[in-house]
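Here is how names work: the chains are called A, B, and so on, in the same order as the sequence lines, proteins then strands, and each is numbered from 1.
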Protein chains: 2
Amino acid sequence: MSGSRQMAESTSGDQAQAPDSGPKKSGGKGLEAIYRSISAAIIEHRLKPGARLREDALAEVFGISRTGIRKVLQRLALEQLVTLTPRRGASVSRPSVDDARDVFEARLMVECALMEVAATRITEADIQELRDMAKQEREALRNLEQRSAIKLSADFHARLAEISGNRALAEFVGQLSSRSSLILAVYGNAGHLGCESHDHDNLVELLAAGDGARAKDFMERHLKSIEASLSIFDEPEETPDLRDIFAVDV
Amino acid sequence: MSGSRQMAESTSGDQAQAPDSGPKKSGGKGLEAIYRSISAAIIEHRLKPGARLREDALAEVFGISRTGIRKVLQRLALEQLVTLTPRRGASVSRPSVDDARDVFEARLMVECALMEVAATRITEADIQELRDMAKQEREALRNLEQRSAIKLSADFHARLAEISGNRALAEFVGQLSSRSSLILAVYGNAGHLGCESHDHDNLVELLAAGDGARAKDFMERHLKSIEASLSIFDEPEETPDLRDIFAVDV
DNA sequence: TGCATCCGGAGCGTATACAATACAGAGCTT
DNA sequence: AAGCTCTGTATTGTATACGCTCCGGATGCA
């Protein structure tokens, strides 16, 4: 892996203003803020899988017209965070069992490989930032702020991938991490949310020590343990067997 | 590249409809066809990097209003086939040197790993289909139809990734392949277009033999040879240093 | 009473209208 | 003569209007 540029955010002059403060004169970049707002709400499980996202309602909430909302929803749909059903509108995606397996298989493949690259390219500033993120996540967990913790965890993995210096792979990991959050919402067991509290700290220290091989192994165990913690079985089909369900009542 | 007249038809069964044959009954699926049409035009280099894509012009060509065109352009932008510059509209992306390196690095990582998976999952039907695609590509090359050959090559790699059974990774490879076509357009040497004529045939036979390890090695050499065939050097910067350039004249 | 049909509302899909802005060319100033 | 500004035009950004489809309830008929 070569290259020495750093991952510039799309347009660096990006400023996020409060969603409701400037309803009239919000510039084109306001859409980016709305995107992040909805995206965060989904990742934090404030919007649960299956929740409908009506265009009118969102338009009113964010103080713009449906046009902009549709743009945001289309982007979210391409990232598979929301599902767009014709004539029915948008709703938060409900990943299938196959989706879940695909996502974790992909993460295993890509994130593990990236650890070895990251170990050789990580800088002091990166290490400090990652330690910070891990700490925030630990504290969120301790305060039982599960919503924040899940988002921070996804951000951590995404940030980790950025260190590799490969933008294409970093974006891909970012999307996979976001989708993982949805998978947790559907198949996760309450109380035990994905990442162990100290896993990320350990990962950072391994990278700080430059030990790519062990970081890779650790990431592998980390991801496998997350996947193993899921309750992946086929959901009740769309036409549940009511006789079976209410058998006890009869 | 001057006229806007060059994107209408595509070689395969893509129907180019008369300008306004069905203004009312467009149907939501029409956008998918338009997306494929523009996407194919870009991948086949009928629209070259830097070419501007004016919304009005596209709207007129495809017989719909700008609304639908904007939707398609936004999707293409998210896939990084077109670049959307604020207030300047859309143009075919011109991948940077860094982009090129990232894309091929990602392909190397993912496609190679997928070969071992594909070798265990490939079916007779898959083998037959891949042989067919490789044959079409060979013939296109022999007939000097470079445009078709490039698209067929990208389709081949994408189809190959689908065999792994992992949708997330398959989509990712598909996007990387499309972007690779753009990279070829910018940094490729005329005459030697990426894939060697028999590489894909060899790949199929290795997979048909179930030899995942050698398929992986072959894919690695294949991708590296493509990347090596590129002329990757920094293009003149956007604000060329005129003093430097004309130093000899002074 | 049960089912089919009709009707009304709600919400999305598409087109069009209007406003804002960047580029280009011409004219003026120095 | 060269540079700067000012204005005109072309093109995108955003909002709004209208039509169409789907869902739910009410009504009529068997």
Side-chain angles (χ1 to χ4, degrees), chain A residues 10-11 13-15 17 19-35 37-38 47 50-78 82-93 238-239, chain B residues 1-5 7 17 19-35 37-38 47 50-78 82-93 238-239 242:
Chain A
S10 51
T11 49
D14 211 352
Q15 66 179 22
Q17 63 180 20
D20 53 341
S21 63
K24 59 203 76 164
K25 192 62 178 184
S26 57
K29 295 199 152 80
L31 288 190
E32 180 71 17
I34 294 174
Y35 159 78
S37 189
I38 298 180
L47 286 169
R52 294 197 51 186
L53 303 171
R54 289 195 303 104
E55 297 176 353
D56 293 347
L58 291 173
E60 191 172 5
V61 166
F62 289 104
I64 63 172
S65 79
R66 279 175 51 211
T67 310
I69 295 296
R70 289 178 63 84
K71 209 163 155 181
V72 172
L73 288 178
Q74 203 211 344
R75 175 170 171 190
L76 289 166
L78 287 174
V82 314
T83 300
L84 246 45
T85 40
R87 300 281 172 196
R88 295 276 319 264
S91 58
V92 179
S93 289
E238 44 274 48
T239 54
Chain B
M1 180 130 311
S2 45
S4 58
R5 174 68 275 274
M7 53 193 327
Q17 65 176 9
D20 56 354
S21 60
K24 60 196 71 171
K25 188 67 178 175
S26 304
K29 295 194 150 76
L31 288 190
E32 181 70 18
I34 293 174
Y35 160 77
S37 190
I38 299 180
L47 285 169
R52 294 195 50 186
L53 303 171
R54 285 187 15 254
E55 297 177 352
D56 291 347
L58 291 174
E60 191 174 4
V61 167
F62 290 105
I64 64 172
S65 81
R66 280 174 52 210
T67 309
I69 295 297
R70 288 177 67 83
K71 209 161 153 182
V72 171
L73 288 178
Q74 202 210 346
R75 174 170 171 190
L76 288 167
L78 287 174
V82 315
T83 299
L84 245 44
T85 44
R87 301 282 171 196
R88 296 273 324 258
S91 59
V92 178
S93 289
E238 43 271 54
T239 52
L242 298 178

Are any protein N/O atoms closer than 3.5 Å to N/O atoms in nucleotides 9-11 of chain D? If there are, list each pair with its distance.
unit_1 : atom_1 : unit_2 : atom_2 : d
D:dT11 : OP1    : B:R54  : NE     : 3.2

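- Nearest heavy atom pair, residue B:T83 against residue B:S93, reads OG1-OG, 2.8 Å.
- How far CG of B:L73 is from CG of B:L58: 6.0 Å, rounded to the nearest 0.5 Å.
- B:I34 contributes atom CD1, which lies 12.0 Å from atom CZ of B:R75 (distance to the nearest 0.5 angstrom).
- Counting only heavy atoms from C-beta outward, the side chains of A:I38 and A:F62 approach each other to under 4.5 Å.
- Remark: B:R70 CZ to B:E55 CD distance equals 4.5 Å, nearest 0.5 Å.
- Per the geometry, CD1 belonging to A:I69 stands 13 Å off P belonging to D:dT16, to the nearest Å.
- As rounded to whole Å, 15 Å separates atom P of C:dG13 from atom CD of B:E32.
- Remark: P of D:dT16 and CD1 of A:I64 are 11 Å apart, rounded to the nearest angstrom.
- The listed nucleotides are D:dG13, C:dT16, D:dT16; the one nearest the side chain of B:T67 is C:dT16.
- The CG-P distance, from A:L58 to C:dG11, rounds to 12 Å in whole Å.
- An end-to-end axis angle of 10° holds for the helix from C:dT1-D:dA30 to C:dT30-D:dA1, taken from five base pairs per end and rounded to 10°.
- Closest approach of B:L84 to B:A77, counting heavy atoms only: CD2-CB, 4.0 Å.
- Atom CZ in A:R66 sits roughly 15 Å away from atom P in C:dA10 (whole-Å rounding).
- By the side chain to side chain donor-acceptor pair (under 3.5 Å) test, B:S91 is found to be paired with no residue, residues two or more places apart in sequence or in another chain being considered.
- For A:E60 and D:dT16, the CD to P distance is 12 Å, given to the nearest whole Å.
- Here the side chains of A:K71 and B:K71 are not in contact, with every heavy-atom distance at 4.5 Å or above.
- Nearest-nucleotide positions on DNA chain D place A:K71 closer to the 5' end than the other of A:P86 and A:K71.
- Atom CD1 in B:I34 sits roughly 14 Å away from atom C1' in C:dG13 (whole-Å rounding).
- Summarising the geometry, atom CD belonging to B:E60 is positioned 13.5 Å from atom CZ belonging to B:R66; distances are rounded to the nearest 0.5 Å.
- Between the CZ atom of B:R70 and the P atom of C:dT16 there is a distance of 16 Å, given to the nearest Å.
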